[in-house]
Chemist: 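I'd like to ask some things about the structure below.
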Amino acid sequence: MTEAVSPMRMSQYFLPTLKEDPSEAQIVSHRLMLRAGMIRQSSAGIYSWLPLGLKVLRKVEQIVREEQDAAGCQELLMPTIQPAELWQESGRYDDYGAEMLRIRDRHDRDMLYGPTNEELITEIVRAHIRSYKDLPKLLYHIQWKFRDEVRPRFGVMRGREFLMKDSYSFNLNHEGARAAYNRMFVAYLRTFARMGLKAIPMAADTGPIGGDLSHEFIILAETGESEVFCHRDLLEFDVLDEDVDHAADLQPVVDRWTSLYAATDEKHDEAEAAKLGDALVNARGIEVGHIFYFGTKYSKAMNAAVTGPDGEQVFPEMGSYGIGVSRLVGGLIEAFHDENGIIWPESVAPFGAAVIDLKVGDVDCDAVCDDLYAKLRAAGVDPLYEDRDERAGAKFADMDLIGVPWQIVVGPRGIKNGVVEFKNRASGEREEISAESALARLTG
RNA sequence: CGGGGCGUAGCGCAGUCUGGUAGCGCAUCUGCUUUGGGAGCAGAGGGUCGGCGGUUCGAAUCCGUCCGCCCCGACCA
C-alpha cells in the first residue's frame, strides 16, 4: 500500500480535536486550544505545540519578525541557557528570586534558563561594539524564555515557558534612545494591527529611570484579564492607514497615540478619566507587549562602554522591547471566538481555507474537491482538505472549532446544481456559488 | 507563597461518607444500517483507581506520607 504524501488532508493530518471541554481549562482560549488540538500540556505552564498550534504560532511570529525587520531591527538568536556570571555582573542574579530557573551543569557551573536577555545582549555588544561609530544598534531575537511562575495559568497566556520576541536598543544618547523607542512603538502598533487586534498603548511604570518611556500594549478582548480605560477615539485609530517611514521622526505618531487617556486599572485615575465624559471607554484587555527605556543600567553595570568622538568612554543608552508571541496566540483566541470555536483573522489563520468533502468516495464530490484543493495549493492559499469519512455534522463542527476563515463545502446535493457552498467562518454567511467562483474569491 | 479543591480508560464523570474483587457517557476497533450541522444497532478492546507505606480476611473506599494538577489571592511578557 502506498501512502500519498498529502499532509494537509484531514485524514492524515495530526489534529486531535476534542468534543468535550477538558476540565483543567478555565478560560476560553485555553479550552479552545486544547479542544482544537493546538497544544498539549506537558506540565504546569509548559506546553507542546501540536501541528495546528505551531502553524498559528509561526504565523504570529512571522508578522512580528516582518515588522521588526521593517523597523530596522536586526534579528539574531541568543541561547536559552545562560551563564550565571553575567547575571551576577548586573546584580540581577540575586534580585530575580525564585522565578529564575537555576541549573547546574556537570562542571558544577551555575547556569540558568533565561527569563530575558538584557545581560546576554549587553555582553555581545560589549564584546563587539567599541566605537560610537558603531551605534546605534537595534537587535532582537525570538526565543523561548522560562519564568518559574508561582502560579502558571490560562494555558499559554501565562505559561512558565513562553516564546518571546525581545528587542534591545543601544544608542549614544537619550535622543537616540527615544528615536529607537518610537520606532518600536510604531512597529508594535503595526504588528498587532496586522493581526486584526485593537492594541492600545498605555503608560506603564518606568522603574528607576522615570520619564515617559515605558508603555504596555494591551489588546482588547471581552474576556481579557485586566480592566482598562481609554478614550473612545483610540479605538478608531488605524496605524495601517498610515505610511510609516521608520527613518523619519516618529514622534508625531507616538504623540498622537499617547495624547489621549488610556490606563490599566492599576494606573487608572478616576479624576482624569472623568474629564472624558462619554468618550471614556471601559474595556477588558490582555497585555501582549511592553516597551521600556532604562538608560545605562546594564551598560554601566556590565561595563559596556564605547569610545566617544572625543576619546571618552560612553555608556550606551538602552531600551528593551518585548512581545509575548505565544501569549498572543491565546490572546487572539480571546479576541476572536464564538460558541462554536475559534475565528482566526486571515493573517494568522492556520489554513487559508478548507475544502470539505461531504461524501468521500463519491466520484463527483472527490473530483471537485481534489481539483479545488490542488488549485488552492498551487495558488498558495494553504488549504486544509477535509477528506475524512465522517458525517457532515462532525466535519462542520471541527472546521468551525479550528476556525478556518473560509469553508468550501462540496456535497452531492450542490454538485447536481453545479454549486458548492462558500462559507465565511466569521460572519457565518453562506453562498451557493460555482466551484470556479469560490476559487476566484480566494485566489483573486 | 497563603487559602481551597481535585487525581478512577484518550476526554468528561459516578462509585469513596457506610471496605467485598471497577462502572457510565463520549472517543477507539469490528460488522450492519445510515449519510448537508458532532447518527443508530450489535459486539470488542482499553484501568497497577497518582506513588509509597500502614490498618484489615479483604482497600478506589479507612489512616499516614509524598507527588501532580486546577481554582482564589499576592506577582508577572
Side-chain angles (χ1 to χ4, degrees), chain A residues 16-27 30-31 34-35 37 40-46 60 64 96-100 114-118 142-167 188 192 204-205 214-219 225-226 264 266 285-292 320-331 339-341 356-362 365 386 388-401 407-417 419-421 423 428 430 432:
Chain A
T17 59
L18 301 172
K19 201 193 283 191
E20 293 173 275
D21 282 329
S23 64
E24 79 261 24
Q26 200 58 25
I27 61 165
H30 191 195
R31 273 206 310 271
L34 290 169
R35 284 194 54 207
R40 163 88 184 161
Q41 178 166 318
S42 169
S43 58
I46 303 178
V60 170
V64 170
Y96 222 92
E99 274 206 345
M100 180 184 281
T116 177
N117 285 62
E118 279 82 6
I142 299 174
Q143 177 63 288
W144 291 92
K145 306 289 191 292
F146 194 92
R147 293 185 192 171
D148 201 356
E149 296 276 348
V150 191
R151 189 184 159 208
R153 59 186 129 170
F154 307 145
V156 300
M157 297 264 289
R158 179 140 173 223
R160 292 194 291 174
E161 187 184 57
F162 57 96
L163 187 61
M164 182 164 121
K165 185 286 301 176
D166 41 324
S167 311
Y188 275 35
F192 302 128
D205 277 324
S214 178
H215 286 88
E216 292 177 352
F217 285 75
I218 312 275
I219 58 168
E225 58 171 322
S226 52
T264 58
E266 297 133 16
I286 299 161
E287 183 186 349
V288 290
H290 197 158
I291 60 179
F292 204 86
S320 70
Y321 316 88
I323 290 180
V325 176
S326 47
R327 167 180 284 191
L328 259 173
V329 176
E339 63 281 3
N340 295 320
I356 304 174
D357 190 342
L358 283 189
K359 193 164 186 181
V360 176
D362 178 274
C365 283
E386 167 51 293
R388 293 176 306 168
D389 187 18
E390 286 288 342
R391 302 175 68 80
K395 295 184 181 223
F396 295 140
D398 268 342
M399 285 305 112
D400 285 352
L401 174 63
Q407 301 171 10
I408 304 178
V409 182
V410 180
R413 204 171 71 194
I415 290 222
K416 255 184 233 149
N417 305 315
V419 296
V420 297
E421 187 178 286
K423 178 184 163 183
R430 310 176 203 187
E432 303 238 304

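Everything numeric here is computed off the predicted structure, so don't read it as measured data. Here is the naming used below: chain letters follow the sequence lines, and residue numbers restart at 1 for every chain. Just so you know, these numbers use all the heavy atoms, side chains as well, and skip hydrogens, waters and symmetry mates.
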Chemist: Roughly how many Å apart are B:G38 and B:U28, using the C1' atom of each and rounding to a whole number?
Modeler: 16 Å

Chemist: Take nucleotides 3-9 of chain B nucleotide by nucleotide from the 5' end and write B, S or -, depending on whether a protein heavy atom sits under 4.0 Å from the base, only from the sugar-phosphate, or from neither.
Modeler: -------

Chemist: Could you identify the nucleotide paired to B:U55, looking across every strand shown and requiring Watson-Crick or G-U wobble geometry with both distances under 3.5 Å?
Modeler: none

Chemist: Any strand is fair game: report the nucleotide pairing with B:A60 by Watson-Crick or G-U wobble, both distances under 3.5 Å, or none.
Modeler: none

Chemist: If the sugar-phosphate is the primed atoms plus P, OP1 and OP2 and the base is the rest, what is the B/S/- string for nucleotides 69-77 of chain B, using protein heavy atoms under 4.0 Å?
Modeler: SSBBBBBBB

Chemist: Are the side chains of A:E216 and A:T264 in contact, using a 4.5 Å heavy-atom criterion?
Modeler: yes

Chemist: Rounded to whole angstrom, note down the P distance from B:G73 over to B:A9.
Modeler: 30 Å

Chemist: Taking only the C1' atom of each, what is the distance from B:G37 to B:U48 in whole angstrom?
Modeler: 42 Å

Chemist: What does B:U28 pair with, Watson-Crick or G-U, if both distances are under 3.5 Å?
Modeler: B:A44

Chemist: Ring pair (Phe, Tyr, Trp, His ring centres under 6.0 Å) with A:F146: which residues, sequence neighbours excluded?
Modeler: A:Y113

Chemist: Can you check side-chain contact (heavy atoms from CB on, under 4.5 Å) on A:L358 and A:C365, steps first, answer last?
Modeler: CA-CA 8 Å; A:L358 283 189; A:C365 283; 5.8 Å; no

Chemist: Starting at the 5' end of nucleotides 34-39 of chain B, put B wherever the base has a protein heavy atom under 4.0 Å, S where only the sugar-phosphate does, and a dash everywhere else.
Modeler: BSBBBB

Chemist: Taking any strand in view, what nucleotide pairs with B:A22 in a Watson-Crick or G-U wobble way, both distances under 3.5 Å?
Modeler: none

Chemist: Can you find a pair of side-chain heavy atoms, one from A:V288 and one from A:Y188, that are under 4.5 Å apart?
Modeler: no

Chemist: Can you tell me, in whole Å, how much space there is between the P of B:C63 and that of B:A27?
Modeler: 38 Å

Chemist: Are the side chains of A:R160 and A:S43 in contact, using a 4.5 Å heavy-atom criterion?
Modeler: yes

Chemist: Given that both distances must come in under 3.5 Å, which nucleotide forms a Watson-Crick or G-U wobble pair with B:A77?
Modeler: none

Chemist: Please examine the side chains of A:D400 and A:Q407, heavy atoms only from C-beta on, and report whether any two atoms are closer than 4.5 Å.
Modeler: yes

Chemist: Find the partner of B:A39: check Watson-Crick (N1-N3 plus N6-O4 or O6-N4) and G-U wobble (N1-O2, O6-N3) distances, both under 3.5 Å, and reply none if neither fits.
Modeler: B:U33

Chemist: Determine the Euclidean distance between corresponding C1' atoms of B:G46 and B:G20; express it in Å to zero decimal places.
Modeler: 25 Å

Chemist: Say you pick atom P in B:C52 and the same atom in B:G43; how far apart are they, in whole Å?
Modeler: 36 Å

Chemist: Tell me which nucleotide, if any, is Watson-Crick or G-U wobble paired with B:G68 when both distances must be under 3.5 Å.
Modeler: B:C6

Chemist: So, for A:E225 and A:I286, which heavy atoms are closest and what is the spacing to 0.1 Å?
Modeler: N-CG1, 4.2 Å

Chemist: Taking side chain as C-beta onward, heavy atoms only, is A:F154 less than 4.5 Å from A:R327?
Modeler: no

Chemist: Distance between the P atoms of B:G51 and B:G10, in whole angstroms?
Modeler: 14 Å

Chemist: Test of understanding: with side-chain contact (heavy atoms from CB on, under 4.5 Å), list the residues that count as partners of A:P22, not counting sequence neighbours.
Modeler: A:L18, A:E24, A:L34, A:R35

Chemist: If you look only at distance, which donor and acceptor atoms sit under 3.5 Å apart when one is on a side chain in residues 388-396 of chain A and the other is two or more places apart or in another chain?
Modeler:
from   : atom 1 : to     : atom 2 : distance (Å)
A:R388 : NE     : A:E386 : OE1    : 3.2
A:R388 : NE     : A:E386 : OE2    : 3.1
A:R388 : NH1    : A:D398 : OD2    : 3.4
A:R388 : NH2    : A:E386 : OE2    : 2.7
A:R388 : NH2    : A:D398 : OD2    : 3.0
A:K395 : NZ     : A:D357 : O      : 2.6
A:K395 : NZ     : A:R388 : O      : 2.6

Chemist: If we take the C1' atom in both B:A22 and B:G15, what is their distance in whole Å?
Modeler: 8 Å

Chemist: Answer yes or no: is there a side-chain heavy-atom contact under 4.5 Å between A:K145 and A:D166?
Modeler: yes

Chemist: Is there a donor-acceptor contact under 3.5 Å linking the side chains of A:H290 and A:S320?
Modeler: no

